[in-house]
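Worksheet: one structure, shown below.
Heavy-atom basis, side chains included; hydrogens, waters and symmetry copies ignored. Residue numbers count from 1 along this sequence.
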Amino acid sequence: MDNCLFRTMERKLTVLVALLFSLGIYAQKPAEIYKSGNYTWMSDKIEQGEFVGRALSNTEITSNYSTAVAGKDTLDYAWKLTNDISIYPQYSAPTVLENAIYNMGLDEMVKAVEPNLTLRTGEWWPGVWTRDMSYSIILSMAYMQPTIAKNCLLLKVNRLGKIIQDTGTGGSWPVSTDRMVWVSAAWEIYKATGDLDWLRCVYPVIKRSLEDDFVNVYDAETGLVRGESSFIDWREQSYPKWMKPIDIYNSKCLGTNALHYRALSILSRMGEILGEKDAEIYRDKAEALKKAINKYLWMPDKGYYAQFLYGRNGNVLSPRSETLGESLCILFDIASPEQQQSIIEHMPVVPYGPTIFYPQICDMPSYHNNAIWPFVTSFWTMASSKVKNENAVLHGIGSVYRAAALFATNKENFNAQNGDWGATELNSSIMLWSLSGNLALVHRVLFGIYYEEDKIVFNPLVPESMSGNRKLTGFRYRNAILDIEMSGHGSNIASFVLDGKELSEPLFDGTLRGRHTIKITLDNDSHSKPINLVEYRATLPTPIAIIDNDVLIWPPVKGAASYKILCNGKEIAEQKKTIFALDAKNKGDYQIIAVSKDKESSSFASEPLLWNDNTRLYNLNGIRISCAQNRKVVVPIEVAEEGVYTLDWSYSNGNGSVPNKNKCAVRSLLVDGKLLGASVFPQLGQDNWEVQGWSNLSKVSLTPGKHEVVLEFRKENENMNIDINEAVLYTLRVVRVK
């Protein structure tokens, strides 16, 4: 064959291949996009050892994956487009795998739409759940399904016009307090739609809910918000085993506090838009909470935030990272620009992605512990994009795409050590927040679409190995439809052209109507900032201590190099021995931390043991408090010395088990007419009124003499059940601590 004929055939073949590829028919030669220590992401497939998840076309994925857990292999590991997705934004990427995973997200989103025009939480989980739905709306459902998103949020408002905390520990709110994620979701809908009627609808709901929280969950001592870690609600999966529901209520968690800061900021801004007079009050409260988060939870030595504060008479810091909380602190600007960079560079991530927290708990199975959740990874990837960390963005997208390709669905979670979905305690396919994160990676990371009140701003980040030409067509924004083309890689825009005219700023105004074309050219600059890629690590077991004859004793903990002794949350000694003589100078709660040799795997602090002889008990004879009886209980007390005292109540609440129902009892606590906050009585066992526990501690300064302690049921104490809010009280305990 002569050279001229050969070149002619070669050109024709090239054109044919390009045509077939554009139609999603041609399976291009695989190119390596990202290689983790555990898997390889290529242009048309994910390879993990013997397992391969492959995109056969833009509308079909097949995988030979098999879970290692016997009896759990219920999937056929294949996806093929079955729904009409043409009305949603169409994505054309340089690789067939990206197209297929995106289209699978759209297909599963359509499957999730229920007949009543709400979104199903997951294939196995019918109905609307506050936190699942809200995080999904924040990620992408606010603009993908705005009307349905509104329906979902309005379903989570109770008859008192307040946000519903539908799941949680010890009878739901106020032990679990992350219902405030609803506020961020409502705000995302407003930014996407510009609907002022929506603001007028949600503003009073948010205000009423926050006003209740000010009384019941805000901690006067630290300025932080009490309550369970947002979405991490399997208790022993993230807290030490000794922590009872009331201890979880008393904890101050990173992610939950971030949500409350954002809710306060949003309420303030909504108030300004609507002309409400108290907008400034909420802005000041938001700034105070932001300062408290940075004061109590930022760890300068690690370069990221701590997981939570916990304890009783004193606060102990859990130095684990917490991925969702870290991400929200970046996205909500709780962290400074320098802190934001530091978090993404220093927070530990494992080869399969960022774990829910790190390090893991040694004696817990995989669910929140030792697990990766794609929706959390999507938030982390969005945060990484904000600080222009290309390595982190690639690691995050790879984590989500690996699971999507190998499982051929958007699973809820997978094991952090082996990447297996079957190795977790509970899981589901077609998970709404997972598929919402899948879509957000394209819209909000690669194309960098950021919603503001009156416009969208483009701030894309495309890693170098993902470089190429991308299209997003039919993207609806208010009264406009956008066809967006983007070429190159990097995080800086070299050229932004709207309808043929180059603009100085990469934005699209919310008042524009009709169909428009946007062309974005990236500058092909790479940002090789580091990430902290680490191997699996678990902490030492939590010590179990006792006090015997004024001596603190505990069994040795395997692997411990030494032990820290804490009193009221403060370290007072470190030693190798497992016995410690108590000193009368240090009265209060004693705890032990087993210190690892590497200092990075130290245990949780042990259960606080009260050692204080300055205690007085007041017998209440098993008085039942409810909505109908004993709405106000008065207990006269007398103290001999001036000082700081703690008050708590022994009680029983058999209206539900620890993980189910919504009948946590709540009362306002007053001393000499001054409101101290709330006394909280979580559920302790279904129909088991014989089990007794202690309420939370409240601190008060008292002068010598008589005082009046009042426990009163007020409107702000309405729990999530509303009708049943009861407990049986046995004892009021008064302890002088200073």
Side-chain angles (χ1 to χ4, degrees), residues 222 224-225 229-232 238-239 251-262 289-310 315-361 368-373 375-396 399 416 527 529-539 593 596 598-602 604:
T222 62
L224 294 169
V225 174
S229 295
S230 181
F231 105 90
I232 313 174
S238 56
Y239 295 99
S251 65
K252 297 92 181 173
C253 305
L254 179 63
T256 300
N257 273 270
L259 292 175
H260 277 257
Y261 164 77
R262 183 64 171 162
L289 181 53
K290 178 178 177 178
K291 288 178 181 177
I293 292 169
N294 282 297
K295 177 179 179 180
Y296 289 102
L297 294 174
W298 178 254
M299 301 184 294
D301 58 325
K302 291 185 178 292
Y304 49 83
Y305 291 97
Q307 181 185 20
F308 50 68
L309 296 176
Y310 64 114
N315 290 307
V316 181
L317 191 77
S318 173
R320 288 174 166 84
S321 63
E322 194 258 284
T323 301
L324 181 59
E326 313 283 354
S327 304
L328 296 180
C329 285
I330 293 172
L331 295 170
F332 297 162
D333 287 319
I334 294 169
S336 69
E338 295 77 18
Q339 286 174 310
Q340 292 176 22
Q341 294 282 352
S342 177
I343 290 167
I344 299 302
E345 292 181 14
H346 293 100
M347 195 197 87
V349 296
V350 301
Y352 284 114
T355 54
I356 297 306
F357 53 80
Y358 189 92
Q360 311 309 309
I361 302 173
H368 294 132
N369 183 60
N370 186 23
I372 295 168
W373 291 51
F375 98 88
V376 174
T377 301
S378 295
F379 274 108
W380 182 80
T381 308
M382 288 167 58
S384 300
S385 175
K386 183 179 179 183
V387 302
K388 299 189 175 184
N389 190 316
E390 179 180 323
N391 287 327
V393 167
L394 193 59
H395 191 65
S399 175
H527 298 271
K529 297 175 183 177
I531 61 173
N532 186 16
L533 191 61
V534 299
E535 295 300 321
Y536 171 89
R537 176 185 288 150
T539 54
I593 294 176
S596 62
D598 62 7
K599 307 292 184 183
E600 298 296 321
S601 306
S602 299
F604 280 123

First locate atom CG of Leu324, then atom CD1 of Ile232, and finally report the distance between them rounded to the nearest 0.5 Å. 7.0 Å
To the nearest 0.5 angstrom, please state how far the SG atom of Cys253 sits from the NE2 atom of His260. 10.5 Å
Compare all side-chain heavy atoms of Cys329 with those of Tyr261 and state whether any distance is below 4.5 angstrom. no
Residues Leu224 and Leu309: closest non-hydrogen pair is CD1-CD1, 3.8 Å
Are any non-hydrogen side-chain atoms of His368 and Trp373 less than 4.5 angstrom apart? yes
How many angstroms lie between CH2 in Trp380 and CD1 in Ile330, if you round to the nearest 0.5 Å? 9.5 Å
Looking only at heavy atoms, which two atoms of Gly325 and Leu254 are closest? And how far apart? C-CD2, 3.6 Å
Asn370 and Gln360: which non-hydrogen atoms are nearest, and at how many Å? N-OE1, 2.5 Å
Going from CG on Asn257 to OH on Tyr296, what distance comes out if it is rounded to the nearest 0.5 angstrom? 12.0 Å
Determine whether Phe332 and Lys290 satisfy the following criterion, side chain to side chain contact (heavy atoms under 4.5 Å, CB included), listing intermediate values before the conclusion. CA-CA 10 Å; Phe332 297 162; Lys290 178 178 177 178; over 6 Å; no
Can you tell if the side chain of Thr355 reaches within under 4.5 Å of the side chain of Tyr536, non-hydrogen atoms only? no
So, Gln340 versus Asp333: side-chain donor-acceptor pair below 3.5 Å or not? yes
Is there side-chain contact between Arg320 and Phe604, with at least one heavy-atom pair below 4.5 Å? yes
Expected output: side-chain Ser602 to main-chain Ser596 donor-acceptor under 3.5 Å: yes
Are the side chain of Lys252 and the backbone N or O of Asn315 linked by a donor-acceptor pair below 3.5 Å? no
Donor-acceptor check, side chain of Ser399 to backbone of His395, threshold 3.5 angstrom: yes or no? no
Quick check against the 3.5 Å criterion: does Glu326 have a side-chain atom that pairs as donor or acceptor with the backbone of Ser321? no
Treating Asn369 as the side-chain partner and Ile361 as the backbone partner, does any N or O pair qualify as donor plus acceptor under 3.5 Å? yes
Least distance between heavy atoms, Pro354 atom then Ile372 atom: O-CG1, 3.6 Å
Treating Ser342 as the side-chain partner and Gly303 as the backbone partner, does any N or O pair qualify as donor plus acceptor under 3.5 Å? yes
Give a yes or no answer on whether the side chain of Asn294 reaches the backbone of Ile334 with a donor-acceptor pair at less than 3.5 Å. yes
Can you confirm whether Arg262 sits close enough to Leu328 that some side-chain heavy atom of one is under 4.5 Å from a side-chain heavy atom of the other? no
Across all chains, not counting sequence neighbours, the ring pair (Phe, Tyr, Trp, His ring centres under 6.0 Å) partners of Phe375 are Tyr135, Phe231, Trp433
Take Leu289 and Ile293 through the side chain to side chain contact (heavy atoms under 4.5 Å, CB included) test and state the conclusion after the steps. CA-CA 6 Å; Leu289 181 53; Ile293 292 169; 4.2 Å; yes
Find the distance between NZ (Lys302) and CD (Glu600) and round it off to the nearest 0.5 Å. 4.0 Å
Rounded to the nearest 0.5 Å, what's the gap from CD1 on Ile356 to CD on Glu322? Could you check? 8.0 Å
Of all heavy-atom pairs between Pro359 and Thr539, which one has the smallest distance, and what is that distance? CG-CG2, 3.5 Å
How close do Ser229 and Phe308 get, heavy atom to heavy atom, and via which atoms? OG-CD2, 4.1 Å
Between Ser384 (side chain only) and Glu390 (backbone N and O only), is there a donor and an acceptor less than 3.5 Å apart? no
Within-4.5 Å side-chain heavy-atom neighbours: His346 and Pro530: no
